[in-house]
Structure formats: structure tokens, C-alpha cells
Amino acid sequence: MGLFDIFKNKKDSLTEEIDEYNTGQEEKKSSDSKNDEEKYALETYRQLKAETKVPCVKMELNDDKPSIFESKVGGLGYIPHNEKFPADSKGRQLRLLAQIDCSKVSIEEFPKTGLLQFWILNNDLCGADFDNNTKQDSFRIIYYNDIDTSVTENEIKAKFEENEFDNDEMFPVSGEYGLIFNTDEDSLSVCDCHFETKFVEKYNQLNTNNKIESYYDITTDIDDIDGDTNGFGHKIGGYPAFTQEDPREEDTSYDFLMLQLDSEFGDGKDRILWGDAGICNFFINSEKLKNLDFSDVIYNWDCY
């Protein structure tokens with residue numbers, strides 16, 4: 001081997017060492033950056049959770065058969081002596097999705113007494129109009145402040161009329177269930193239309209050296225960090241969940257989650273099923289809720 005070859009081999013070896021060092025530094029830098037991102041993402045969400053806490057009532061289904069005066073999902077709803085089942089513009093009776101005994105819900109904005117009902121058409125869209133999600137035709141919100149306890153279940157059954165969808169099994173609730181209410185707190189969910197703006201603003205306050213323009217600029221999945229960020233479940237108040245996306249814009253006036261019913265299935269029994277394991281939400285302006293004005297409500301459901 002000549003002298004030139006010796007120097008060439010030494011140069012090649014040194015070049016390889018430099019390349020390996022630079023690669024190692026880049027990997028270390030990338031790892032440090034990833035660790036920083038995870039740290040700031042976790043701290044951002046921890047602070048958002050603390051700052052956005054609001055009261056909510058989470059609900060559980062049970063198999064007790066509730067009366068026509070009690071909270072329930074599915075079944076027969078209370079209807080006064082002189083009233084009929086709500087119907088759409090084609091005269092088709094709606095079906096009771098849920099009925100809430102408001103005295104069981106300890107949230108300031110919510111009515112303190114009476115029954116709040118959610119009725120929907122049992123067609124393939126479950127009464128939703130996705131082009132006009134506040135149009136109360138194939139869904140209806142009804143509130144009764146004064147309850148006449150002389151009304152009987154048989155009287156309501158006598159008012160029932162079949163519609164063209166009754167044999168199609170498209171209604172999301174299979175059966176009739178009682179409700180158990182648990183007062184709780186809820187924090188901003190990643191699904192909420194306000195989440196991205198709030199997250200980016202808080203993240204950039206914490207990580208001033210590597211600011212982001214969108215939540216999707218980070219690779220960290222905060223679900224992996226926290227595990228409770230999506231807002232799913234049955235509840236009143238708090239923050240919503242979606243399998244697709246929030247139908248509201250960020251400047252929405254529909255700021256109160258009046259009811260959320262999730263899919264609930266398993267053990268061979270489908271209690272609630274929105275399409276392919278979806279979820280349903282009703283939104284209202286909190287001031288209108290306080291004033292018992294239920295004429296302007298968003299009804300939305302989506303599925304995977």
C-alpha cells in the first residue's frame with residue numbers, strides 16, 4: 001500500500017467519523033425536539049383542562065322501566081291530555097329519543113323543574129336535516145313546566161300511530177332505559193370547535209422558540225399522553241365529542257351542550273347505536289336555555 005493510499009484511508013475514516021457524529025447530533029437534536037414538543041403539548045393541555053373546567057352531568061343507562069314522568073331514553077314520553085304526539089310536516093309521528101326530569105340536573109343554566117323532551121323521526125337520518133340542522137320538523141324539542149300526573153301510560157299509548165319507518169329498525173335506541181345522573185366537571189375536548197385556537201395560543205405562550213400555526217403542526221398525540229381528551233359519553237353540559245367534526249363554527253352562539261347521547265353496545269346488546277357507532281348532540285344558546293326558549297337548537301349526529 002502506498003503513502004497516498006494510507007492518507008486516503010485515514011481521510012475516508014475521518015470523514016465517516018464526522019458523518020456519524022453529525023448524524024448522531026441530528027438524531028439527538030430531533031429527539032430533544034420531540035421531547036420538548038411532548039413536554040409543551042402535555043403542559044398546554046394540562047393548563048387548558050384546568051382553565052376550561054365547567055360543571056356537567058354525566059349519565060348512565062339502567063334497565064329499570066321509568067314511568068312517563070321520569071327521565072328516560074326511548075319508550076313513551078309524557079304527553080298532556082289535550083296534546084298529541086309531535087309530528088313532522090308530513091304528519092308522521094316522531095319518536096321519543098330522551099326525556100329529562102330537569103330537577104335531577106344541577107347545572108345553573110338548566111331548567112330547575114319540568115320535563116325536557118327530545119323527539120326525532122325514526123327514518124334513516126334519525127330525524128336530522130344536515131342542510132339545516134336547526135329546523136325542527138323531523139326533530140322537536142318540547143318542554144313542559146307543569147306536569148299533570150293524572151295522565152296515564154295507556155292514554156298515551158292510545159295516541160300512538162304507526163309511521164312508515166316503524167318496521168325498518170333505524171331508530172337509534174333499542175328498548176327503553178332509565179337514567180342515573182352524576183354531577184361532574186368537564187374540560188375542553190379536542191373535538192370542540194374552540195380547541196385548536198385555544199391550544200395553539202397556549203402552546204405558543206409556553207414554547208416561544210418553536211411556535212406552531214396549527215394543532216396539526218405537532219406530531220404528539222395528546223390522547224397518548226392524557227387518554228381523556230375526546231369528550232365521549234352520555235351527558236348534559238360540558239364539551240362535545242364527534243366521530244367526524246363539530247358542526248358549529250368557532251364564533252358559534254350555540255354554546256351549551258343540552259344533551260349528548262353516545263352509542264352504547266356490547267355483550268350482545270345494542271342499547272344505543274348511531275349508524276356505525278356514532279354519537280348525537282343537541283346545542284343551544286345558554287341565554288335561550290335560561291329563558292326556556294327551545295325554538296333554536298342544533299341537532300347533529302355522526303358516525304365513523
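If you're wondering where the values come from, they're calculated on a predicted model, not measured in any experiment.
Remark: the Ser214 side chain and the Glu196 side chain contain an N/O donor-acceptor pair separated by less than 3.5 Å. Under the 3.5 Å distance criterion, with hydrogens and angles disregarded, a donor-acceptor pair is assigned to the side chains of Asn122 and Asp166. Remark: the Asp137 side chain and the Ser89 side chain contain an N/O donor-acceptor pair separated by less than 3.5 Å. No side-chain donor from either of Gln99 and Ser71 sits under 3.5 Å from a side-chain acceptor of the other. A donor atom on one side chain and an acceptor atom on the other are not found under 3.5 Å apart for Tyr177 and Asp64. Looking at Thr152 and Asn154, their side chains never bring a donor and an acceptor atom within 3.5 Å of each other. Between the side chains of Thr243 and Asp302, a donor-acceptor pair is found at a separation under 3.5 Å. Side chains of Asn163 and Gln93: a donor-acceptor N/O pair is absent below 3.5 angstrom, by distance only. A side-chain donor from one of Ser286 and Asp255 sits under 3.5 Å from a side-chain acceptor of the other. Tyr143 and Asn145 are linked by a side-chain donor-acceptor pair at a separation below 3.5 angstrom, with hydrogens and angles left out of the test. Side-chain contact, Glu37 with Thr219: a donor N or O sits under 3.5 Å from an acceptor N or O. There is a side-chain donor-acceptor pair under 3.5 Å between Thr183 and Ser106. With no hydrogens or angles considered, a side-chain donor-acceptor pair links Asn182 and Glu60 at under 3.5 Å.
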Check: Step by step, would you call Lys202 with Glu51 a salt bridge (charged side-chain N to carboxylate O under 4.0 Å, His left out)?
Finding: CA-CA 11 Å; Lys202 177 67 67 176; Glu51 293 171 6; 2.8 Å; yes
Item checked: Stepwise side-chain contact (heavy atoms from CB on, under 4.5 Å) test for Val190 and Phe199 -> CA-CA 9 Å; Val190 297; Phe199 184 92; over 6 Å; no
Next item on the list: Would you check, one step at a time, whether the test side-chain contact (heavy atoms from CB on, under 4.5 Å) holds for Thr208 with Asn204?
Entry: CA-CA 5 Å; Thr208 56; Asn204 288 341; over 6 Å; no
Margin query: Under the criterion salt bridge (charged side-chain N to carboxylate O under 4.0 Å, His left out), I'd like the reasoning laid out for Lys53 against Asp186: C-alpha separation, chi angles, the key distance, then a yes or no.
Written below: CA-CA 5 Å; Lys53 278 186 179 179; Asp186 209 12; over 6 Å; no
Next item on the list: Dump the intermediate steps for side-chain contact (heavy atoms from CB on, under 4.5 Å) on Phe118 and Ile142, then the final yes or no.
Entry: CA-CA 7 Å; Phe118 302 79; Ile142 298 177; over 6 Å; no
Notebook entry, point to check: Going through the distances and angles, do Glu176 and Lys65 end up as a side-chain contact (heavy atoms from CB on, under 4.5 Å)?
Noted result: CA-CA 7 Å; Glu176 180 180 14; Lys65 186 182 185 308; 3.8 Å; yes
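Note on Phe242 and Leu188: separate hydrophobic clusters, where clusters join Ile, Leu, Val, Met, Phe, Trp and Tyr whose side-chain heavy atoms are under 4.5 Å apart, directly or indirectly. In terms of hydrophobic clustering, with Ile, Leu, Val, Met, Phe, Trp and Tyr side chains grouped at heavy-atom distances under 4.5 Å, Trp301 and Ile272 are assigned to a common cluster. Under the 4.5 Å side-chain heavy-atom criterion for Ile, Leu, Val, Met, Phe, Trp and Tyr, Ile141 and Leu94 are members of distinct hydrophobic clusters. Hydrophobic clustering (ILVMFWY, side-chain heavy atoms < 4.5 Å, transitive): Leu261 and Ile107 are in one cluster. Hydrophobic cluster membership is shared by Val297 and Phe130, with clusters built from Ile, Leu, Val, Met, Phe, Trp and Tyr side chains linked at under 4.5 angstrom.
Residues Ile120 and Phe171 are in side-chain contact: their nearest non-hydrogen atoms beyond the backbone lie under 4.5 Å apart. At least one side-chain heavy atom of Leu116 sits under 4.5 Å from a side-chain heavy atom of Phe294. Contact of the Pro172 side chain with the Leu273 side chain is not registered, since no non-hydrogen atoms from C-beta on lie closer than 4.5 Å. Within the 4.5 Å cutoff, no side-chain heavy atoms of Leu115 are placed close to those of Glu70. A 4.5 Å side-chain heavy-atom check between Leu76 and Leu96 finds every atom pair outside the cut-off. By the 4.5 Å heavy-atom criterion applied to side chains, Met59 and Leu259 are counted as neighbours. With a 4.5 Å cut-off on side-chain heavy atoms, Asn210 and Asp36 do not count as touching. In this structure, Asn133 and Pro247 have side chains that are in contact, with non-hydrogen atoms separated by less than 4.5 Å.
Using a 4.0 Å cut-off between charged nitrogen and carboxylate oxygen, Glu201 and Lys198 do not count as a salt-bridge pair. Salt bridge Arg271/Glu264: present, at least one basic N to carboxylate O contact under 4.0 Å. A salt bridge is defined here as a Lys NZ or Arg NE, NH1 or NH2 lying under 4.0 Å from an Asp or Glu carboxylate O, and Glu162 with Arg92 fails to meet this definition. Looking at Lys235 and Asp262, no side-chain N of the basic residue comes within less than 4.0 Å of a carboxylate O on the acidic one, giving no salt bridge. Using a 4.0 Å cut-off between a side-chain N of Lys or Arg and a carboxylate O of Asp or Glu, Arg248 and Asp246 qualify as a salt bridge. Electrostatic pairing of Glu153 and Lys157 counts as a salt bridge here, judged by a charged N lying under 4.0 Å from a carboxylate O.
Remark: Asn291 CG to Ile284 CD1 distance equals 9.5 Å, nearest 0.5 Å. Atom SG of Cys56 and atom CG of Asp184 lie 5.0 Å apart (nearest 0.5 Å).
For an aromatic pair to be called close, the ring centres must be under 6.0 Å apart, and Tyr215 with Phe195 satisfies this. In this structure, the ring of Phe283 has its center no less than 6.0 angstrom from the ring center of Phe256.
Cluster partners of Ile279, by chain and number: Phe232, Tyr304. The rule joins Ile, Leu, Val, Met, Phe, Trp and Tyr whenever side-chain heavy atoms lie under 4.5 Å apart.
Closest approach of Pro240 to Cys191, counting heavy atoms only: O-CB, 3.7 Å.
Within a 6.0 Å radius of CG in Asn167, other residues, nucleotides and ligands contribute 12 heavy atoms or fewer. Within a 6.0 Å sphere centred on NZ of Lys135, heavy atoms belonging to other residues, nucleotides or ligands number 12 at most.
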Cut-off 3.5 Å, no hydrogens considered: what does the side-chain donor-acceptor table look like for residues 77-86, sequence neighbours left out?
residue, atom, partner, partner atom, Å
Tyr78, OH, Asp148, N, 2.9
His81, ND1, Glu155, OE1, 3.1
His81, ND1, Glu155, OE2, 2.6
His81, NE2, Asp148, OD2, 3.4
His81, NE2, Ser150, OG, 2.8
Glu83, OE1, Tyr144, OH, 2.7

